[in-house]
There are 2 protein chains.
Amino acid sequence: MATIKDVAEKAGVTVTTVSRVLNNRGYISEETREKVYRVMREMQYQPNEIARSLSRKKTMILGMIIPTIAHPFFAELTNYIEKHASKLGYKILLCNSRMDQGKEKEYIDMLTSNRVDGMFMSSHTLEVDEYKKLKQPIITFDRRIADIPYVSSENEQGGIYAAELLLKKGCRRIAHITGNLGLDLLSNQRTNGFVKSLRGRGVEPIVFELGPDVFDSEGYERVITELLEQYPDIDGIFASGDILAMNVIKVCMSKGIDIPGRIKLIGYDDIEMASLVSPALTTIRQPLEEIAKRAVQLLDGLIRGEEVQHDNVLPVTLVERSTT
Amino acid sequence: MATIKDVAEKAGVTVTTVSRVLNNRGYISEETREKVYRVMREMQYQPNEIARSLSRKKTMILGMIIPTIAHPFFAELTNYIEKHASKLGYKILLCNSRMDQGKEKEYIDMLTSNRVDGMFMSSHTLEVDEYKKLKQPIITFDRRIADIPYVSSENEQGGIYAAELLLKKGCRRIAHITGNLGLDLLSNQRTNGFVKSLRGRGVEPIVFELGPDVFDSEGYERVITELLEQYPDIDGIFASGDILAMNVIKVCMSKGIDIPGRIKLIGYDDIEMASLVSPALTTIRQPLEEIAKRAVQLLDGLIRGEEVQHDNVLPVTLVERSTT
DNA sequence: AACTGTATGTCAACCGGTTGACATGTCAAA
DNA sequence: TTTGACATGTCAACCGGTTGACATACAGTT
């Protein structure tokens with residue numbers, strides 16, 4: 001690969017001049033500028049970003065730590081993160097923690113070693129102290145950790161919407177299936193809002209919590225089947241994620257339970273798939289692109305050394321389709 | 001951030017010794033090794049990978065260029081790529097080309113500038129020559145470009161499986177919906193196999209090709225609706241992707257067309273979602289994890305300067321579910 | 001004639017590691 | 001006593017850029 005020296009020699013100038021052209025600093029005549037650019041093109045010169053990063057102490061790389069990119073929610077989130085980050089010139093290093101503490105820690109160290117300018121954390125398997133130790137700019141999703149700025153959505157309100165809709169539709173025997181509540185995530189507030197709202201109307205929901213290790217369809221199906229067998233009179237279900245809700249549809253189909261006829265179902269997130277499945281899923285929509293955009297703005301702000309807003313809670317909306 | 005010099009000073013040794021400890025080279029006494037490690041821990045030292053990369057001329061980073069991570073097929077593929085790449089110590093830089101030539105070119109340049117050790121290309125909007133120019137180790141998916149090693153699956157066989165199943169189920173008025181055939185992808189062979197197989201049995205399929213810009217659900221729906229209205233007597237459809245097939249289900253549902261009653265449907269890929277939707281999708285399964293694993297092995301081989309196999313075509317299987 | 005703005009060049013330090021060449025010293029085996 | 005494996009140190013070049021300090025030279029103003 002050609003280096004800045006090769007370019008300088010061939011163009012008959014010094015590396016300082018080439019560097020000036022490259023970085024638009026100091027005085028450069030139009031003539032020299034063009035000559036340098038021409039030589040660069042001829043030699044197919046690509047400046048070595050590694051060397052630049054080293055001397056500038058800036059990599060323009062951001063780390064994205066998520067449980068798994070295979071999950072549509074994280075895939076869509078990451079998609080928007082990449083979209084908005086690339087507008088500002090940042091690249092994304094992808095890290096799938098697979099809900100494994102060891103992997104998550106390794107990835108954090110790796111990102112630190114690679115001197116990324118900042119990181120997004122959407123996997124939170126570690127202890128709070130582990131995160132507090134980190135000195136790099138960080139934005140978390142759906143989790144408050146000390147003074148790390150976070151982005152989330154009105155989780156409690158989402159739960160309330162779900163409760164109100166199910167009640168309005170006449171459900172009285174209502175269940176809620178949620179991920180592991182032990183992880184101290186803001187998404188647990190969905191459960192709070194839902195339960196509180198129902199109790200306020202005299203309905204005591206059945207809450208089913210997934211184990212910490214349940215993150216695949218088989219696990220979902222097992223839990224859902226169990227729920228339906230244990231409480232055969234259920235007439236409404238609020239699942240804390242769309243994929244989970246789709247599994248509910250699947251299990252109900254296989255058991256001949258009609259949705260929305262016998263059971264009304266509400267999901268959460270509004271991933272693209274939600275409007276594709278049959279019956280189309282009623283769900284609580286998180287503004288994914290807004291969330292991503294905000295997260296990118298915040299992280300960029302932190303990197304620039306600005307003060308940024310600590311709490312960033314975006315509104316959710318009820319999207320009614322065919323499962324209610 | 002602490003540097004190797006700080007560590008050396010505090011440990012009372014030279015940077016050479018610390019470097020030796022770090023890289024396990026030369027003679028180091030157990031005593032010194034431990035002392036150095038202890039100091040590293042105390043100072044929370046993380047070696048600067050940027051500096052290492054610069055001097056070693058190796059970044060251990062791989063680029064992954066795909067149309068969009070929001071599409072479940074690419075999300076799952078990327079997931080497995082990351083899984084297997086990380087086992088070998090590689091990290092993944094994520095690049096969404098969004099089917100835009102400009103973006104794809106920018107990303108290739110960016111990856112070159114960042115001196116990634118190799119790249120996976122699953123977005124192919126550029127001219128063949130653009131790819132041939134590249135000197136880095138590259139693996140492509142589903143496209144043959146000169147002597148760049150590629151991984152794909154038995155696309156033609158997949159098409160044949162689909163044709164045979166539809167015929168066996170009694171379909172006679174058969175349609176095929178496929179992505180843009182102009183892109184010179186191996187996946188176009190699905191169409192070849194399908195069409196050839198049907199013709200061999202005296203059935204002439206209706207082939208609907210998506211425009212080069214169609215890559216969203218609305219576009220899909222429009223085309224599918226058009227197809228169904230233009231040919232109301234269709235009794236079998238082979239869609240060249242599962243997401244596309246799910247859109248077919250959606251449109252049929254909305255038009256009151258029963259699947260598999262009136263129309264039998266086969267998808268392609270077998271993404272996770274395929275078994276989740278209702279009715280569960282009959283599809284041609286690509287061995288995604290195997291494909292990813294092979295691609296990682298190949299790229300790693302190229303990076304190590306080994307000779308690797310040029311053609312890597314993995315078997316597909318028919319997965320029969322409820323849409324046929 | 002003195003000054004100023006523009007356009008380059010020269011030189012060298014720096015970013016934070018890696019690595020090779022070579023020197024020195026210890027200790028145990030031959 | 002010699003030899004050689006082991007353990008560390010010293011020194012400096014190198015990876016490929018960035019950047020500041022300073023020098024030189026020319027053209028146009030005042």
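What you see below is based on every heavy atom in this structure, not just the backbone, and it leaves out hydrogens, waters and symmetry mates. So you know, we letter chains A, B, ... as the sequences are listed, proteins then strands, and number each from 1.
- Considering only residues two or more places apart in sequence or on other chains, A:K87 meets the side chain to side chain contact (heavy atoms under 4.5 Å, CB included) condition with A:K83, A:H84.
- In the helix from C:dA1-D:dT30 to C:dA30-D:dT1, the terminal helix axes, each the rotation mapping four pairs' C1' atoms onto the next four within five end pairs, subtend 50°, rounded to 10°.
- Rounded to an integer number of Å, the gap from OH of A:Y27 to P of D:dT24 is 19 Å.
- Residues meeting the side chain to side chain contact (heavy atoms under 4.5 Å, CB included) test with B:E9, sequence neighbours left out: none.
- To the nearest 0.5 Å, atom CG of residue A:L186 and atom CZ of residue A:R143 are 9.0 Å apart.
- When every heavy atom of B:S97 is checked against every heavy atom of B:K103, the shortest pair comes out as O-CB, 3.5 Å.
- Using a 4.0 Å heavy-atom criterion, one finds that B:S53 contacts no nucleic acid atom at all.
- Looking at residues two or more places apart in sequence or on another chain, you find a side chain to side chain contact (heavy atoms under 4.5 Å, CB included) between A:E34 and A:E30.
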Q: Would you give a per-nucleotide map of nucleotides 16-29 of chain C, 5' to 3', where B means the base has a protein non-hydrogen atom under 4.0 Å away, S means only the sugar-phosphate does, and - means neither?
A: BBSBS---------
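- Taking CG from B:L126 and CD1 from B:I145, the interatomic distance works out to 8.5 Å, rounded to the nearest 0.5 Å.
- Nucleotide C:dT6 holds its C1' atom 13 Å from the CD atom of A:E31, rounded to whole Å.
- Atom-to-atom distance recorded for A:K58:NZ and A:R56:CZ is 9.0 Å, nearest 0.5 angstrom.
- Note on residues 122-153 of chain A: pairs passing ring-ring contact (aromatic ring centres under 6.0 Å, His included), not counting sequence neighbours, are A:Y150-A:H310.
- Within 4.0 Å of B:T14, counting heavy atoms only, lies at least one base atom of the nucleic acid.
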